[in-house]
Amino acid sequence: MELSELEKIRLKKVFELRAGGIEPYPTRANRTHTSQEAIAAFEAAEKQADPAPVEVTLAGRLRAIRPMGKVVFAHIEDGAGRIQLFFRVNELGEDQLRHFTEYFDLGDFIEAFGVMFRTRTGEVTLHVHRFRMLAKAISPLPAAKDEVVDGQIIRHATLSDPELRYRQRYADLAVNPEVREIFRKRAAIVRALREFLDERGFLEVETPILQPIYGGAAARPFITYHNQLKQQLYLRISFELYLKRLLVGGYERVYEIGRDFRNEGVSFKHNPEFTQLEFYMAYADYLKVMSLTEEMLAYVCDRVLGTRQVTFNGHVIDFNPPWRRISLREALIEAVGIDIAQHPTTESLAEAMRQKGLAVKPNAPRGKLIEGMLGDFVEPNLIQPTFIYDYPRDISPLAKNKPDDPNTVERFEGYVGGMELCNAFTELNDPLEQEKRFLEMGRTYEAEDEDRHPMDEDYLRAMAYGMPPNGGFGMGVDRLVMLLTDRRSIREVILFPHLREREDD
RNA sequence: GGGCGUGUAGCUCAACAGGCAGAGCAGUGGCCUUUUAAGCCAUUGGUUCAGGGUUCGAAUCCCUGCACGCUCACCA
């Protein structure tokens with residue numbers, strides 16, 4: 001580890017403390033109160049006629065030090081917030097006060113025992129009688145100063161370099177409280193999703209991440225290898241095929257929240273590993289799932305934010321059910337003036353697109369062309385929660401046909417804030433039809449196409465035992481967190497987002 | 001992968017049109033017994049992302065590379 005001049009000075013203090021018989025990293029701490037507990041205890045005592053002194057031992061990280069000769073003010077930060085410490089020569093003596101100013105730096109963890117009081121300016125503060133080092137920091141935290149105005153912390157020269165923030169998330173979290181708040185909210189969101197599903201009789205399960213055959217979505221997988229079994233394995237790109245096997249097994253409602261891995265490009269809404277929620281519900285269809293989706297997101301908003309009006313990217317998004325519902329066909333007529341029902345073949349659709357001056361991707365099947373127009377012309381405008389429903393069969397090999405239309409499947413996608421948030425369908429449960437679809441996919445796409453769905457014989461075998469009709473649902477949890485925390489980049493809601501490897505790391 | 005942009009002290013940023021690389025905060029030394037971006041005096045600190053080129057002279061202009069951001073393509 002290369003040390004800066006600043007770090008060398010601090011390291012020297014570590015050695016000097018040890019030489020003086022003081023352990024700079026003691027084994028145990030003796031905190032009695034958090035910052036907020038101490039303040040609450042003092043304020044409660046203040047209200048009494050003849051209050052006893054409130055003695056506490058606090059612990060936390062030094063975030064501000066203001067020496068004023070024979071007294072020193074400091075602020076420490078702990079998990080609950082901030083609190084001021086007051087050091088005075090009268091109680092501590094010259095030696096101890098000097099010990100503090102010489103050996104304690106910003107970023108150090110300190111333990112302080114004393115009596116709570118209120119300063120002239122009215123701030124509830126710990127009058128320190130004893131203190132000791134809990135953990136000496138060698139490296140300075142990458143932030144300059146905080147100012148507290150009316151209880152609000154204003155940070156001057158805040159850590160803002162995105163690279164440093166993501167690579168050294170610990171430093172980002174240490175100095176940016178609002179970043180800590182994002183991940184508290186993220187935990188609350190996931191908790192609310194679980195509560196919602198648990199309350200409705202869903203069973204949470206865990207299915208393989210290492211899979212011999214990947215499937216359930218259109219994406220390139222990460223490939224790995226099991227040495228002893230001499231077997232190639234894939235990191236899952238979805239949970240779908242395993243969760244539906246469980247319906248064959250007799251569970252009627254299952255869900256999983258976990259990580260998917262897709263070997264694709266990264267962007268503001270894509271990370272190579274991301275968190276997905278999928279659930280499957282026997283005897284439901286996609287309309288039922290649509291309603292449940294509305295209910296679930298409203299529930300999450302209520303639990304996490306206390307409101308269903310969410311500000312995202314300058315828009316106020318209203319999660320109150322019902323969401324706008326529009327068929328894919330109508331949405332495309334509206335957005336690009338092409339009626340896909342009038343163009344049942346790839347060639348006919350491609351021709352219509354050319355007439356509108358749209359680029360047509362060569363060799364793309366009909367469904368991909370439709371999907372392309374959806375992404376280009378519809379998705380960015382879907383700010384308020386919207387369900388787009390009824391998708392082309394050829395891009396939805398696991399979804400069931402509409403009874404009266406063999407080219408269209410019962411599928412919907414939920415869009416919010418201009419992003420696709422979730423995807424769901426009435427699940428295909430006819431094993432013969434499913435086999436046909438797998439074979440179709442193999443024919444429609446080139447062998448190397450990432451959208452090719454590999455044949456999963458075991459999945460077909462499972463379905464052959466009988467799978468109840470069911471509705472399935474998948475949602476990008478990271479994107480939901482983006483929406484509910486008003487973050488425009490997925491990297492802001494993933495603690496350690498993927499970054500290119502650096503040589504000097 | 002393509003396009004645009006950014007990279008300067010520990011942190012946040014300056015440095016015009018090529019002419020001695022700077023400020024605030026942090027650090028260090030000193031003064032200061034109710035401050036809160038404390039203040040005052042003094043002071044340390046640089047491979048200007050890396051490598052090459054043009055020039056009497058490069059943080060600045062050119063080339064290559066690296067990283068990050070935005071964006072396009074693919075995907076949730």
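Values in this document were obtained by computation on a predicted structure and should not be read as measured data. Values below: all heavy atoms of this structure, side chains included; hydrogens, waters and symmetry mates excluded. Every chain is numbered from 1, with letters handed out A, B, ... down the list of sequences.
Between U28(B) and K13(A), a contact under 4.0 Å exists linking OP1 or OP2 to a side-chain N or O.
Using a 4.0 Å heavy-atom distance criterion, N90(A) is classed as a base contact. As judged by a 4.0 angstrom heavy-atom cut-off over every strand, G476(A) is placed among residues making no nucleic acid contact. No contact: E413(A) has no heavy atom under 4.0 Å from any strand. The residue F117(A) sits close to a base: some heavy atom pair falls under 4.0 Å. K12(A) comes within 4.0 angstrom of no nucleic acid atom, judged by non-hydrogen atoms across all strands.
One P atom belongs to A42(B), the other to U6(B), and the distance between them is 37 Å to the nearest Å. C20(B) and C25(B) have their C1' atoms separated by 25 Å, given to the nearest Å. Between G45(B) and A23(B), the distance separating the two C1' atoms is 14 Å to the nearest Å. A gap of 50 Å separates the C1' atoms of U60(B) and U34(B), to the nearest Å. For the P atoms, the distance from U64(B) to C4(B) is 12 Å, rounded to whole Å. Rounded to a whole angstrom, the distance from the C1' atom of A17(B) to that of A59(B) is 15 Å. Separating the P atom of U8(B) from that of C68(B) is a span of 15 Å, rounded to the nearest Å. Comparing U12(B) with U54(B), their P atoms are spaced 35 Å from each other, to the whole Å.
Of the residues near RNA chain B, T101(A) and K70(A), the one whose nearest nucleotide (by heavy atom distance) lies more toward the 5' end is T101(A). Of the two residues contacting RNA chain B, namely N271(A) and R488(A), the nearest-nucleotide position lying further toward the 5' end is that of R488(A).
Across the strands present, U48(B) finds no partner; the criterion is a Watson-Crick or G-U wobble pair with both atom distances under 3.5 angstrom. Across all strands shown, U28(B) forms a Watson-Crick or G-U wobble pair with A42(B), both key distances being under 3.5 Å. Partner assigned to A21(B) is none, using Watson-Crick or G-U wobble distances below 3.5 angstrom. The partner of U33(B) is absent, by the rule that a Watson-Crick or G-U pair needs both atom distances under 3.5 Å. The pairing partner recorded for C74(B) is none, the criterion being a Watson-Crick or G-U wobble arrangement whose two distances lie under 3.5 angstrom. Base pairing of G57(B) is not made with any nucleotide, judged by Watson-Crick or G-U wobble geometry with both donor-acceptor distances under 3.5 Å. As the counterpart of C4(B), G69(B) is assigned, both hydrogen-bonding distances of the Watson-Crick or G-U wobble pattern falling under 3.5 Å.
With respect to E492(A) and R165(A), a salt bridge is recorded, a charged nitrogen being found less than 4.0 Å from a carboxylate O. A salt bridge links E294(A) to R325(A): at least one charged side-chain nitrogen sits closer than 4.0 Å to a carboxylate oxygen.
Counting to the nearest Å, the C1' atom of C11(B) and the CZ atom of R165(A) are 14 Å from each other. Here C74(B) presents its C1' atom at 14 Å from CZ of F274(A), a figure rounded to the nearest Å. To the nearest angstrom, P of A37(B) lies 12 Å from CZ of R82(A). U36(B) atom C1' lies 18 Å from atom CZ of R88(A), rounded to whole Å. If you measure from atom CG of L62(A) to atom P of U36(B), you get 18 Å, rounded to the nearest angstrom. Here the P atom of nucleotide A9(B) and the CD atom of E7(A) are 15 Å apart, to the nearest Å. Between the CD1 atom of I138(A) and the C1' atom of G10(B) there is a distance of 14 Å, given to the nearest Å. Rounded to a whole Å, the NZ atom of K269(A) is 11 Å from the C1' atom of C74(B).
Looking at I388(A) and E379(A), their side chains never come closer than 4.5 Å, going by heavy atoms from C-beta outward. Residues F319(A) and V310(A) form a side-chain contact, since some pair of their non-hydrogen atoms from C-beta on lies under 4.5 Å apart. Inter-residue side-chain proximity for M281(A) and N470(A) is flagged as unmet; no heavy-atom pair is nearer than 4.5 Å.
Nearest to the side chain of F86(A), among U34(B), U36(B), A26(B), sits U34(B). Side-chain atoms of P140(A) lie closest to G10(B) of the nucleotides G10(B), A73(B), U36(B). Distance from the side chain of V89(A) is smallest for U33(B) among the nucleotides U36(B), U33(B), C74(B).
Contact of R66(A) with U35(B) (side chain to base): a donor-acceptor pair of N or O atoms is detected under 3.5 Å. Contact annotation: side chain of E123(A) to base of U34(B), donor-acceptor pair absent below 3.5 Å. Interface remark: the T121(A) side chain does not form any donor-acceptor pair with the U34(B) base, using a distance-only criterion of under 3.5 Å.
A donor-acceptor contact closer than 3.5 angstrom links the side chains of T207(A) and E256(A).
Ring pair F473(A)/F279(A) is parallel by interplanar angle, where below 30° counts as parallel and above 60° as perpendicular.
T426(A) places a side-chain N or O within 3.5 Å of a backbone atom of Y286(A) that can act as its donor or acceptor partner.
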